[in-house]
Amino acid sequence: QVQLVESGGGLVQPGGSLRLSCAASGFAFSLYEMSWYRQAPGKEREWVASIGAAGSWTNYAVAVKGRFSISRDNAKNTVNLQMDSLKFEDTAVYYCNRAGPLWGQGTQVTVSS
């Protein structure tokens with residue numbers, strides 16, 4: 001079955017960290033660029049970060065650059081998003097994405113004191 005399954009979301013205080021993971025199955029993961037998106041309440045889904053198929057390049061949205069880090073393990077078919085120095089405005093449902101498009105079900109990240 002072709003799918004993406006996110007995990008790792010939760011409640012964190014401002015300034016804290018979370019690590020999201022996305023497990024891919026059913027397709028040749030190592031051939032695809034992968035991305036993370038997020039959608040905050042009442043807002044449109046927005047792109048967060050992308051990583052090349054071999055992990056040789058990464059790109060970040062301005063809002064998260066320097067705080068978030070995307071990585072992948074092609075042997076395990078996983079893509080991760082390390083989120084540091086979290087802010088209130090990072091609160092959103094985070095989605096894993098593959099071109100096609102293919103989306104995961106999302107994982108909730110809430111930054112609150």
Side-chain angles (χ1 to χ4, degrees):
Q1 183 178 2
V2 177
Q3 64 177 359
L4 300 171
V5 179
E6 300 96 335
S7 61
L11 174 64
V12 63
Q13 293 185 340
S17 297
L18 278 177
R19 184 176 178 86
L20 306 183
S21 291
C22 171
S25 60
F27 64 95
F29 178 76
S30 64
L31 299 182
Y32 286 87
E33 169 186 330
M34 298 296 297
S35 299
W36 286 94
Y37 285 73
R38 67 185 182 185
Q39 188 166 19
K43 295 187 176 181
E44 294 188 353
R45 192 171 298 189
E46 65 175 0
W47 170 73
V48 174
S50 295
I51 186 167
S56 58
W57 61 263
T58 57
N59 278 324
Y60 298 91
V62 171
V64 307
K65 197 167 187 177
R67 300 187 297 119
F68 290 12
S69 178
I70 188 171
S71 62
R72 67 189 295 159
D73 185 337
N74 284 347
K76 296 181 178 179
N77 287 0
T78 58
V79 57
N80 305 301
L81 186 68
Q82 177 66 39
M83 306 186 296
D84 299 321
S85 302
L86 283 161
K87 304 177 180 181
F88 292 119
E89 53 264 42
D90 294 319
T91 295
V93 178
Y94 284 71
Y95 297 90
C96 185
N97 167 267
R98 187 211 74 183
L102 177 65
W103 296 95
Q105 83 288 351
T107 186
Q108 176 71 49
V109 172
T110 302
V111 183
S112 176
S113 55

Participant: Do Val93 and Thr107 touch side chain to side chain, with heavy atoms closer than 4.5 Å?
Facilitator: no

Participant: Do Asp90 and Arg67 have side-chain heavy atoms sitting under 4.5 Å apart?
Facilitator: yes

Participant: Under a 4.5 Å side-chain heavy-atom rule over Ile, Leu, Val, Met, Phe, Trp and Tyr, are Val2 and Leu4 clustered together?
Facilitator: yes

Participant: May I ask whether Leu31 and Leu102 are part of the same hydrophobic cluster, defined by side-chain heavy atoms of I, L, V, M, F, W, Y residues being less than 4.5 angstrom apart, directly or through others?
Facilitator: yes

Participant: Contact between Asn77 and Ser25 at the side-chain level, heavy atoms closer than 4.5 Å - yes or no?
Facilitator: no

Participant: Would you give the length of the straight line joining atom CE of Met34 to atom OG1 of Thr58, rounded to the nearest 0.5 angstrom?
Facilitator: 15.0 Å

Participant: Say you draw a straight line from OG of Ser113 to CG of Leu11; how long is it, rounded to the nearest 0.5 Å?
Facilitator: 9.5 Å

Participant: Supply the atom-to-atom distance Leu86 CG to Thr110 OG1, rounded to the nearest 0.5 angstrom.
Facilitator: 11.0 Å

Participant: Find out whether Gln105 and Gln3 are in side-chain contact, i.e. whether some heavy atom of one side chain is under 4.5 Å from a heavy atom of the other.
Facilitator: no

Participant: Within 45° of the ring axis of Tyr94 and under 6.0 Å from its six-membered ring centre, is that where the NZ or CZ of Arg38 lies?
Facilitator: no

Participant: Can you tell me if Glu89 has over 12 outside heavy atoms packed within less than 6.0 Å of its CD?
Facilitator: yes

Participant: Quick one, Arg19 and Ser71 - any side-chain contact, counting heavy atoms below 4.5 Å?
Facilitator: yes

Participant: Between Trp36 and Val79, does the side-chain contact (heavy atoms from CB on, under 4.5 Å) criterion hold? Intermediate values first, please.
Facilitator: CA-CA 9 Å; Trp36 286 94; Val79 57; 3.9 Å; yes

Participant: Give, for atom CG of Leu20 and atom OG of Ser7, the distance between the pair rounded to the nearest 0.5 Å.
Facilitator: 8.0 Å

Participant: Can you confirm if the NZ or CZ of Arg45 lies within 45° of the ring axis of Trp103 and under 6.0 Å from the centre of its six-membered ring?
Facilitator: yes

Participant: Compute whether any side-chain donor of one residue and acceptor of the other, for Ser50 and Asn59, lie under 3.5 angstrom apart.
Facilitator: no

Participant: Establish whether Tyr95 and Ile70 are linked, either directly or via other cluster members, by ILVMFWY side-chain heavy-atom contacts under 4.5 Å.
Facilitator: no

Participant: Could you measure the distance from the OG atom of Ser21 to the CG atom of Asp73? Nearest 0.5 Å is fine.
Facilitator: 10.0 Å

Participant: Are Arg72 and Phe29 in a cation-pi setup, meaning NZ or CZ lies under 6.0 angstrom from the ring centre and within 45 degrees of the ring axis?
Facilitator: yes

Participant: Can you tell me if Asp84 and Ser17 form a side-chain donor-acceptor pair at under 3.5 Å?
Facilitator: yes

Participant: Closest approach of Ala49 and Leu81, non-hydrogen atoms and distance?
Facilitator: CB-CD1, 4.4 Å

Participant: Yes or no on side-chain contact (heavy atoms from CB on, under 4.5 Å) for Val109 and Met83, after CA distance, side-chain angles and deciding distance?
Facilitator: CA-CA 10 Å; Val109 172; Met83 306 186 296; 3.8 Å; yes

Participant: Going from CG on Leu18 to CZ on Phe68, what distance comes out if it is rounded to the nearest 0.5 angstrom?
Facilitator: 9.0 Å

Participant: Is the closest side-chain heavy-atom distance between Tyr37 and Cys96 below 4.5 Å?
Facilitator: no

